[in-house]
Each structure stands twice: as C-alpha cells, then as structure tokens.
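Everything numeric here is computed off the predicted structure, so don't read it as measured data.
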Amino acid sequence: MHEPGPPPSQGPRPPRQPEHQVPPPGHRPPSGPQSSSAPRTPPGHLTPHGQPQGHPGPGRPPAPQAQPKKGSVGRTLAWIGCGCGTLLLLVVAAAGFGGAYYFGWFGPEDVHAAPQPPCELLDTDAAGEIAGNGENLEVYEADHSYAYGAAGLECVVAPGHGAASGHQVDLRTTVFTTEVNGIRRENGIEAATAYFYDTRPESDGSESVTCPDGRLPLSGTRNGAGHALYRLDNLVVEVEVMPAASGVGEALDEAGRTQAAVDLLCDAVALVE
C-alpha cells in the first residue's frame, strides 16, 4: 500500500478580515468623510438658512461671506474734505463780498467830475437887484473847496458902494468825487447826500417851497440868511441870501430872503448839465 504523504501546500492564507461590528444603539454614522482638522459646529448654532454652520442645505451652494469694502473710508473722507472746502470757499466769498460792500466798493459811480461854474448858473441880474444897485456892484467867482474829497466854487454878488439897502447873494456848487482811503472807497454820491442833509437849514415849520418844475429843495434859514439847496447826484447846489451888512438897510425880511434863495436856486438847477 502506498502510504499517504503530507497534505499539499495551499499557500499563505489571506489576512482575516475583522468582523463587522454593530454600532451601539443610538449612534449615527457620519454622512460623509470629514477632515479631522475642520472645526465642528457647536450644538444649536445655525446659519440664517436654518442649517448648521459649514453644512449648506441640499442643492444650495454655500453663501459667500461678506468682504469688507476696500477704500470706503477714503471715499468718505474725500467727500467730507470736498464739502468742507466748498463751505469754506462760500464763507470766504460771502465775507469778501460783504466786506467790499461795507467798504464802499459796490457804491454808485460819480456823475459829475467837476463843479459847475456858479456865475454861469446864477441869474446875476436878479441877484443884483437883491444886492442893491449901488455903484460898483461886486460880482466875482471864488474857490469854495472846504474839505478833502470835495471841490467847490462860489459866485458872490455883493452890494455896491452907496447902496441904501441890499443883501449879499452867494451861489455855491460843490462836487463830491469818489476817493480811495486805504481799503475804504468813499463814494461821491453818498458823501454828497450826507452833506445835503447835514447842512439842511432851519425850518420855521411852514411848508417847503417847491420849484416851478416840481423840484423840492431844502429851504429855510441858517444864521439869519435865507438858505436853499438841492442835490443832483454827487453835485450840491445851494444859494444863500445874507442879512444886510452893517450900515446897509435891509430890503427883505427873513421869509423874503428864504423865498429869494429858493427862486435863484430853482433857476440855477434848471441849467445844470
């Protein structure tokens, strides 16, 4: 009999697979592979869509995170800077225009550059009758510049030698021109207006006399003289009929002197160019 030999070699056996272990009750396996380094969402912390953070809903891509806008602070500061600069320019411009107006740089322009020749405006025949037609009736023109910025001329008609009665007649034309004094501009029309009202004659309470052409001069008495004046832009025309001089009789009373001054003034201003 043939003696049986050892069983044939079947080669190395494969490693034994570990038996499938059943998870304990209540444990749910993860839905997919997770990285051990990924942060875990604390329990109860949900995204605005109701899903745990890091787990977008099914079929919905993850919401992009808001990135801070670059340059927004710079643009804001630039707008603020532009607004402040514009406001500063407006304030400076307003102050400049207001200051220029205050210092007279926006005032009206002069109309008259020089005073009118007074003896050409005065009715010397009528003035001669008021002065008294004595011998050597005096008629002459004189300088009447009285202040800086004003130029004045005066026509004088004085009683002649031997006149029994009469009054001296003065007609003055004064022009006020614009002058620059430092940063201030003194306007001629405004200066003439100030002079016109500052030298107004005293009124006796009666109604002011009006010229035939409707002009209304200021009239009254000043130091006993009949006084009338009228302003034409930066030119002031005025007439005075003086009280009688010593040794000469008085031909007109105070009211008569005022009326004579108004009559001579009305004739004069009608001739002003």
Backbone N/O of L235 and side chain of D233: donor-acceptor pair under 3.5 Å: no
query: Do the non-hydrogen side-chain atoms of V236 and L229 ever get within less than 4.5 Å of each other?
result: yes
task: Would you please say whether a donor-acceptor pair under 3.5 Å links the side chains of T177 and D110?
output: no
- request: State whether the number of non-hydrogen atoms from other residues, nucleotides or ligands found under 6.0 Å of N223 atom CG is greater than 12.
  value: no
field: Atom pair CZ (R200) and OG (S219), whose distance is rounded to the nearest 0.5 Å
entry: 11.0 Å
- prompt: Got a donor-acceptor contact below 3.5 angstrom from the T173 side chain to the P115 backbone?
  reply: no
message: When you measure from the side chain of T174 to the backbone of A151, do you find a donor-acceptor pair of N or O atoms at a distance under 3.5 Å?
response: no
query: Is the closest side-chain donor-acceptor distance between E190 and Y195 under 3.5 Å?
result: no
query: Should Q259 and V209 count as side-chain neighbours, where that means a heavy-atom distance under 4.5 Å?
result: yes
task: Would you give the length of the straight line joining atom NE2 of H227 to atom CG of L265, rounded to the nearest 0.5 angstrom?
output: 9.0 Å
query: Any side-chain heavy atom of L264 sitting closer than 4.5 Å to one from V169?
result: yes
message: Please find the pair of heavy atoms, one from A260 and one from I130, that lie closest to each other, and give the distance.
response: CB-CD1, 3.8 Å
- prompt: Nearest heavy-atom pair of A131 and P159: which atoms, and what distance?
  reply: O-CB, 3.2 Å
- prompt: When hydrophobic residues are tied together by side-chain contacts of less than 4.5 Å, even through go-betweens, does V269 share a cluster with L122?
  reply: yes
task: Look up atom CZ in R215 and atom CG in L232, then write down how far apart they are to the nearest 0.5 Å.
output: 5.5 Å
- prompt: Does some side-chain heavy atom of C119 sit less than 4.5 Å from a side-chain heavy atom of E141?
  reply: yes
Rounded distance (nearest 0.5 Å) linking atom CD of E238 with atom CZ of F196: 10.0 Å
query: Distance from T199 atom OG1 to R172 atom CZ, nearest 0.5 Å?
result: 9.0 Å
field: Taking every non-hydrogen atom, the tightest pair across G132 and L137
entry: O-CD1, 3.6 Å
- request: Could you state whether M242 and L171 fall into the same hydrophobic cluster, counting links through intermediate Ile, Leu, Val, Met, Phe, Trp or Tyr residues with side-chain heavy atoms under 4.5 angstrom apart?
  value: no
message: I'd like to check T193 versus R231 (side-chain heavy atoms, cut-off strictly below 4.5 Å). Are they in contact?
response: yes
query: Could R257 and E240 be called an ion pair, given the rule that one side-chain N must be under 4.0 Å from one carboxylate O?
result: no
- prompt: Less than 4.5 Å apart, any side-chain heavy atom of V262 and any of C266?
  reply: yes
field: Side chains of H144 and L153 in contact at under 4.5 Å (non-hydrogen atoms)
entry: no
message: Please check: side-chain N/O of N234 versus main-chain N/O of V175, any donor-acceptor pairing under 3.5 Å?
response: no
task: Measure across A244 and G249 and return the closest heavy-atom pair with its distance rounded to 0.1 Å.
output: CB-O, 3.7 Å
Point-to-point distance, once rounded to the nearest 0.5 Å, from CD of Q168 to CG of D170: 4.5 Å
- request: Please assess H112 against V272 for the test side chain to side chain contact (heavy atoms under 4.5 Å, CB included), listing each intermediate value before the final yes or no.
  value: CA-CA 10 Å; H112 301 276; V272 174; 4.1 Å; yes
message: Side chains of L218 and Y230, heavy atoms from C-beta outward: is any pair under 4.5 Å?
response: no
query: Quick one: does H167's side chain have a donor or acceptor within less than 3.5 Å of a partner on A251's backbone?
result: yes
